Amino acid sequence: MKKLITTPIYYVNDIAHLGHAYTTLAADVLTRFFREQGEQVFFLTGTDEHGAKIAESAKKEGKDPKEFCDEKSELFKKTWENLNIKYDHFVRTTDEKHEKAVKKFLENLKDSIYEKEYEGLYCTGCEKFLTEKELVDGLCPDHKKEPEKIKEKNYFFKLKDYLNKVEKLIESGKLKIEPDFARKETLALLKQDLDDFSISRQKVKWGIEFPFDKNQTIYVWFEALLNYVSSIGYGTDEFNEWWDDAEIVHLLAKDILKFHTIYWPAILLAAKQKTPDKEFIHGFFTVDGQKMSKTIGNVIDPNDIVNEFGVDGARYLLLSQFPFGQDGDFKKEKFIEKYNSDLANGLGNLVARVLKLATDKKLEPEKNILDRTKQTRDNYLEYFKDFKLFEVLNEIWKLIAFCNEYIDKNKPWESENREQIISNLLYAISEIAFLIEPFLPETSEKIKKQLENNKSIILFKRMLSIT
RNA sequence: CGCGGGGUGGAGCAGUAGUAGCUCGCCUGGCUCAUAACCAGGAGGUCGUGGGUGCAAUUCCCACCCCCGCAACCA
């Protein structure tokens, strides 16, 4: 079975932070796992580069928008490289391929689009229309500015025509939304009778020209969703190969739930395309118990974690803090603690102590070891298929704990049965090296190499914690 | 009545209608192969408050209190 695994495309107005890294890393781990299982996987990520906000930011830096996007987009790529994230395609919404596909898609959506005069109160600070209810003393609550009354012609997508169908997709399980909270929230949103939404902007210049009206550009959010099809060749023959024939899996955080679980399937239905098979939504993070925010200044740059803990250290720390899908808190202090106990004292130390006792003579592993490792592998597969990355890690670390107990009980350094005991352990370690591969690809390689030449080199150096 | 998450041993979290578990820390002991690591045992909790249903509730129901996230540049 083929799989198309995607992350959202990230808005280049900001540099990559922990949230972006988390989603992208999870996608990378899943990709590596499913490949290991013999499946063909296409892993897609990228950047979202249009919109008034981008144009504004570029102007502030005295750059033209494209130049600005080139730079920011490059920073995302660099970050993924630092985290050893191997995507198959990095889409940019300023790519010619994307623009062409988007226009073509709109042509095919023509029957579900209509134009309407729209009059509203527009705040130039927010770059959006506000309702009377949102105003405080007649002013925009965020910018303390009086909004302008603007009359604008917009093109709308007939969302209402598809709401029932989307609901059916979800209820029938044809579109799986996980975890359950996200599925429930989507169904609740569907019951609120959402309105048709505008897919064009008259005021925004930095965007893709709207095919039916050259005075307008395509609304960024609408255009951004189309990256999923433009990237794999919408409008060309190769498209079907990855859209129709693959299981489509979207990974995203809960803030953009509505766009992905309702708008996106509706748009696809309207364009007579296959809808996604699964959408997995993860939660939000706090840092040291506080929300992550630029104003508070506690935004974590994933590159800093890599610098401090190494690539695999960073990869492990990001995914081992709390269950995938839930909200969670990242604590700097806990990073060091977890790094020391799990990576240095746990995995690293185990490999070192066993290799020290190893000789070239290797025997077949005994049944109890085979049974124990098989148990881990079975649970591992089961959890992985449900995207339970946190539980997968737990399972592997239980096997590491088992090995440590096994050594202490059997005292290979003084046992007559030394060779058999060590062989058993070496087998277990080779199994661990295999299991950690999706999470810790470099470490996995290092262990395999060490097993070959019986030489142990420190995998994770113990770190002093700040007291 | 905006939406959502949560209040469990020192810290961070699991969990279930019927002797309360895990990780880290702490104490004691063991071991010496290892990255001052590893193993065993232990101390430590009236499971937010007040009611209700049950033979039995931390677990179900109701009310209340408190904390946090989204709604505000940001996954």
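The chains referred to below are lettered A, B, ... by the order of the sequence lines, with proteins before strands, and numbering in each begins at 1. The model shown is predicted, which means the values in this text are computed figures rather than measured ones.
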Original post:
For A:Glu391, which residues count as a salt bridge (Lys or Arg N to Asp or Glu O under 4.0 Å) partner, sequence neighbours excluded?
Top reply: none

Subject >> Qualifying salt bridge (charged side-chain N to carboxylate O under 4.0 Å, His left out) pairs, either residue in residues 416-431 of chain A, two or more places apart >> reply: A:Lys361-A:Glu419, A:Arg377-A:Glu431

**OP:** Not counting sequence neighbours, list each pair that qualifies as a salt bridge (charged side-chain N to carboxylate O under 4.0 Å, His left out) and has a residue in residues 12-33 of chain A.
**Re:** A:Asp14-A:Lys294, A:Asp28-A:Arg32, A:Asp28-A:Arg315, A:Arg32-A:Glu437

Subject >> Any residue of residues 347-385 of chain A with a heavy atom less than 4.0 Å from an atom of RNA chain B >> reply: A:Gly348, A:Asn349, A:Ala352, A:Arg353, A:Lys356, A:Leu357

Original post:
Between A:Gln321 (CD) and B:C13 (P), how many Å, whole number?
Top reply: 11 Å

Original post:
Using a cut-off of less than 4.0 Å, is there contact between a side-chain N or O of A:Arg462 and OP1 or OP2 of B:A36?
Top reply: no

**OP:** Ignoring the backbone of A:Thr23, work out which of B:A75, B:C31, B:G12 is nearest its side chain.
**Re:** B:A75

**OP:** Quick one: list whatever passes side chain to side chain donor-acceptor pair (under 3.5 Å) with A:Asp371, sequence neighbours left out.
**Re:** A:Lys367

**OP:** With RNA chain B as reference, determine whether A:Leu18 or A:Asp342 sits nearer its 5' end, using the nearest nucleotide of each.
**Re:** A:Asp342

**OP:** Answer yes or no for A:Lys3 and A:Phe34: cation-pi contact, defined as NZ/CZ to six-membered ring centre under 6.0 Å and angle to ring axis within 45°.
**Re:** yes

**OP:** Please name all residues satisfying salt bridge (Lys or Arg N to Asp or Glu O under 4.0 Å) with A:Lys398, sequence neighbours left out, ordered by chain then number.
**Re:** A:Glu395

**OP:** Grab the CZ-P distance between A:Phe76 and B:C74 for me, whole Å please.
**Re:** 11 Å

Original post:
In terms of side-chain geometry, is the basic nitrogen of A:Lys63 or A:Glu71 positioned less than 4.0 Å from the acidic oxygen of its partner?
Top reply: yes

Original post:
Starting at the 5' end of RNA chain B, which residue's closest nucleotide do you reach first, A:Ala344 or A:Lys338?
Top reply: A:Lys338

**OP:** May I ask you to list the residues of residues 412-442 of chain A, by number, that have any heavy atom positioned under 4.0 Å from an atom of RNA chain B?
**Re:** A:Trp413, A:Glu414

Original post:
Of all the nucleotides listed (B:G12, B:C38, B:C73), which has the minimum atom distance to the side chain of A:Lys334?
Top reply: B:G12

Subject >> Which residues share a salt bridge (Lys or Arg N to Asp or Glu O under 4.0 Å) with A:Asp95, sequence neighbours left out >> reply: none

**OP:** Output all residues satisfying salt bridge (Lys or Arg N to Asp or Glu O under 4.0 Å) with A:Lys446, sequence neighbours left out; order by chain, then residue number.
**Re:** none

Original post:
Closest to the A:Ala253 side chain: B:G30, B:A75, B:A40?
Top reply: B:A75

Original post:
Is B:G44 in the syn or the anti form, by the rule that syn lies within 90° of 0?
Top reply: anti

Subject >> Geometric class of the A:Trp264/A:Tyr228 ring pair [parallel <30°, tilted 30-60°, perpendicular >60°] >> reply: tilted

Original post:
In terms of side-chain heavy atoms of A:His282, which of B:C73, B:A75, B:U35 is nearest?
Top reply: B:A75

**OP:** Name all pairs fulfilling the side chain to side chain donor-acceptor pair (under 3.5 Å) condition that reach into residues 451-461 of chain A, sequence neighbours left out, sorted by first residue then second.
**Re:** A:Asp360-A:Asn454

**OP:** For A:Phe460, report the nucleic acid contact type (base, sugar-phosphate, nothing); a contact means any heavy atom under 4.0 Å.
**Re:** base

Original post:
Dot-bracket for RNA chain B, 5' to 3', counting Watson-Crick or G-U wobble pairs under 3.5 Å, with [ ] for crossing pairs and | for inter-strand pairs?
Top reply: .((((((..((((....[..)))).(((((.......))))).....(((((..]....))))))))))).....

Subject >> Nearest-angstrom distance from the residue atom CG of A:Leu189 to P of B:G2 >> reply: 17 Å

**OP:** Go through B:C38, B:A75, B:U35 for me and flag the one nearest to the A:Asn404 side chain.
**Re:** B:C38

Subject >> Residue A:Asn345, side-chain atoms from C-beta onward, closest of B:A75, B:C33, B:A37 >> reply: B:A37

**OP:** Provide, to the nearest angstrom, the distance between the OH atom belonging to A:Tyr339 and the P atom belonging to B:U35.
**Re:** 15 Å

Original post:
Can you list the residues that meet the side chain to side chain donor-acceptor pair (under 3.5 Å) rule with A:Tyr339, with sequence neighbours excluded?
Top reply: none

